[in-house]
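Sharing a structure below in C-alpha cells format, with a few things to ask.
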Amino acid sequence: MIPISKPLIGEEEKRLVMQVLDSGMLVQGPRVAELEQQWAITCSSKHAIATSNGTTALHVALLAHHIGAGDEVITPSFTFVASVNSIIYTGARPVFADVCPDSFNVDPVHLEELITPKTKAILLVHLYGHPVDMDSIQSFAHKHNLIIIEDACQAIGATYDGKPIGSFGTGCFSLYATKNIMSGEGGMITTNDDEVARRCRLIRAHGMERRYYHDMLGFNFRMSDLHAAIGLAQIARLNEITDQRNKNAAFLTATINNPKVITPRIILVRTGKPIQHVWHQYTVRCINGLSREVALKHLTERGIGTGVFYPVPAHQQQHILDLGYGGVTLPVTEQLAREVFSLPVHPALSQEDLNQIVSAVNEL
Ligand SMILES: *Cc1c(COP(=O)(O)O)cnc(C)c1O
C-alpha cells in the first residue's frame, strides 16, 4: 500500500533526540529556543513561539490578540475543524466564508457581506499548502481594521509575492506527524509584533514570566525539547522536502488525463502575484458522474492510500450545529466536501509509486 502520508525520519532526527535525552533538559530548553529561531528566519518574522500543537498555536494567537466573547471571527468552513474550534475556545463566534472552487481557499468576493460591528479578525487557512490571495485579504482587513490570523498549519515554506506565508498576520503552524515538516506533535506562532509575542509566551506557560508569579490566566501549552529536536532536523531539510513535493505534484498534473477528475492547479491570484504552493495535499475533484466512493474503492484495491480532507465542513459538524449554525449554507464548500479526495504526493514516493498512482487514476 502506498500511504497517503509518511514522515521522513532519518539519522539526524534520531541523533538529536538522543542528545536531548542524554542532556536531561527535556522541556522548553535550548532545542525549543533553536527551533523558534530557525522558524522565525524561515518565515521572515521577528518572533516565533513554540507550542504543544497547531491547535494550541491558533488558540494562543487568538487570545494574544484579545479575541473573546462578543467578537466575531471570519473563517472558512472548508478546513480541519481545529481552525474553527480555536475560535470557539476563546468564546468568540466563527462567521463562515465560502471558498473558491479552484484554489479551495476563502473567496475574497463574498467577504464584505460578512462584516458586522462585532467583526474583529479574519482567520485564513492556506489549505493544502496553497497560499490565500493575500492582496485582497490585506486590503479587506485594512478597510475594516481586522486582525489577520493565518492558519498556516499546511503551508510551511509557502510564499505569496516572494513573502513567506505566516508573515502577513500572526502565523500559526503545526508540526503534527503528517505535516510537511513535523516533530510528532508541535505548534509554532510567528509575529512581528513584540506585544503579541510577549502575550503568546505568557499564555503558553501559565502567565508566568518570573517563576511562580502569574501575570494572567495561562495554560500549559509548552513544547518539549524532544519534539523540538525532531523539528530542528526537519526544518534543515525544508527546501528539499518542498522541492520533492513540487516535483511529485507536477508529475501527477502532467500525466493524469482522466476527464472525470479535475487535478489541482496553482492559481495565479487575480493580482497576478507569484505564489509558491507547498503541496501538503494533492487534492482532486470527482466530476462528470464519477462517484467518490467508487473512486476511493478502486484506488484502495490498486494499493493507493487516499484521504478525504474534509468530508463534512465545519458548519455541518454536530457541535457547531448545536451553536445555532443550522441556517448557514455555503454552496461551494458543500460541493467540494462531496467531490474532493487527495492522492499521495509526499517526498517518500518513488517514480514507480507515482506511475502506479497515475495509471490507477486514469482507469477511473
Ligand atoms: C493540522 C491542522 C491544524 C491543527 O494542528 P494540530 O497540530 O493537529 O493541532 C489546524 N489547522 C489545519 C488547517 C491543520 O491542517
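Atoms within each ligand, like the ligands themselves, are counted from 1 in listed order. Worth saying up front: this structure is predicted, and the values here are computed from it rather than measured. Every heavy atom of this structure was used, including side-chain atoms; hydrogens, water molecules and symmetry mates were not. Count residues from 1 along the sequence.
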- Message: I'd like to know if Phe78 and Phe80 are part of one continuous hydrophobic network [Ile/Leu/Val/Met/Phe/Trp/Tyr, side-chain heavy atoms within less than 4.5 Å].
- Response: yes
Protein N/O near ligand 1 N/O, under 3.5 Å, which pairs?
unit_1: ligand 1; atom_1: 5 (O); unit_2: Ser174; atom_2: OG; d: 3.4
unit_1: ligand 1; atom_1: 7 (O); unit_2: Gly54; atom_2: N; d: 2.8
unit_1: ligand 1; atom_1: 7 (O); unit_2: Ser174; atom_2: OG; d: 2.6
unit_1: ligand 1; atom_1: 9 (O); unit_2: Asn53; atom_2: OD1; d: 3.4
unit_1: ligand 1; atom_1: 9 (O); unit_2: Gly54; atom_2: N; d: 3.3
unit_1: ligand 1; atom_1: 9 (O); unit_2: Thr55; atom_2: N; d: 2.9
unit_1: ligand 1; atom_1: 9 (O); unit_2: Thr55; atom_2: OG1; d: 2.5
unit_1: ligand 1; atom_1: 11 (N); unit_2: Asp151; atom_2: OD1; d: 3.4
unit_1: ligand 1; atom_1: 11 (N); unit_2: Asp151; atom_2: OD2; d: 2.7
unit_1: ligand 1; atom_1: 15 (O); unit_2: Gln154; atom_2: NE2; d: 2.8
unit_1: ligand 1; atom_1: 15 (O); unit_2: Lys179; atom_2: NZ; d: 2.6

Side chains of Trp279 and Asn246 only: does a donor on one sit below 3.5 Å from an acceptor on the other?
yes
Those residues at least two apart in sequence (or on a different chain) that pass side chain to side chain contact (heavy atoms under 4.5 Å, CB included) with Ser359 are Arg302
Give the C-alpha distance, both sets of side-chain angles, the deciding distance and a yes or no for side chain to side chain contact (heavy atoms under 4.5 Å, CB included) between Leu123 and Leu62. CA-CA 9 Å; Leu123 191 158; Leu62 290 162; 4.2 Å; yes
The complete set of salt bridge (charged side-chain N to carboxylate O under 4.0 Å, His left out) pairs with one or both residues in residues 40-68, sequence neighbours excluded, reads Lys46-Asp194
Val312 meets the side chain to side chain contact (heavy atoms under 4.5 Å, CB included) criterion, sequence neighbours left out, with Gln316, Gln317
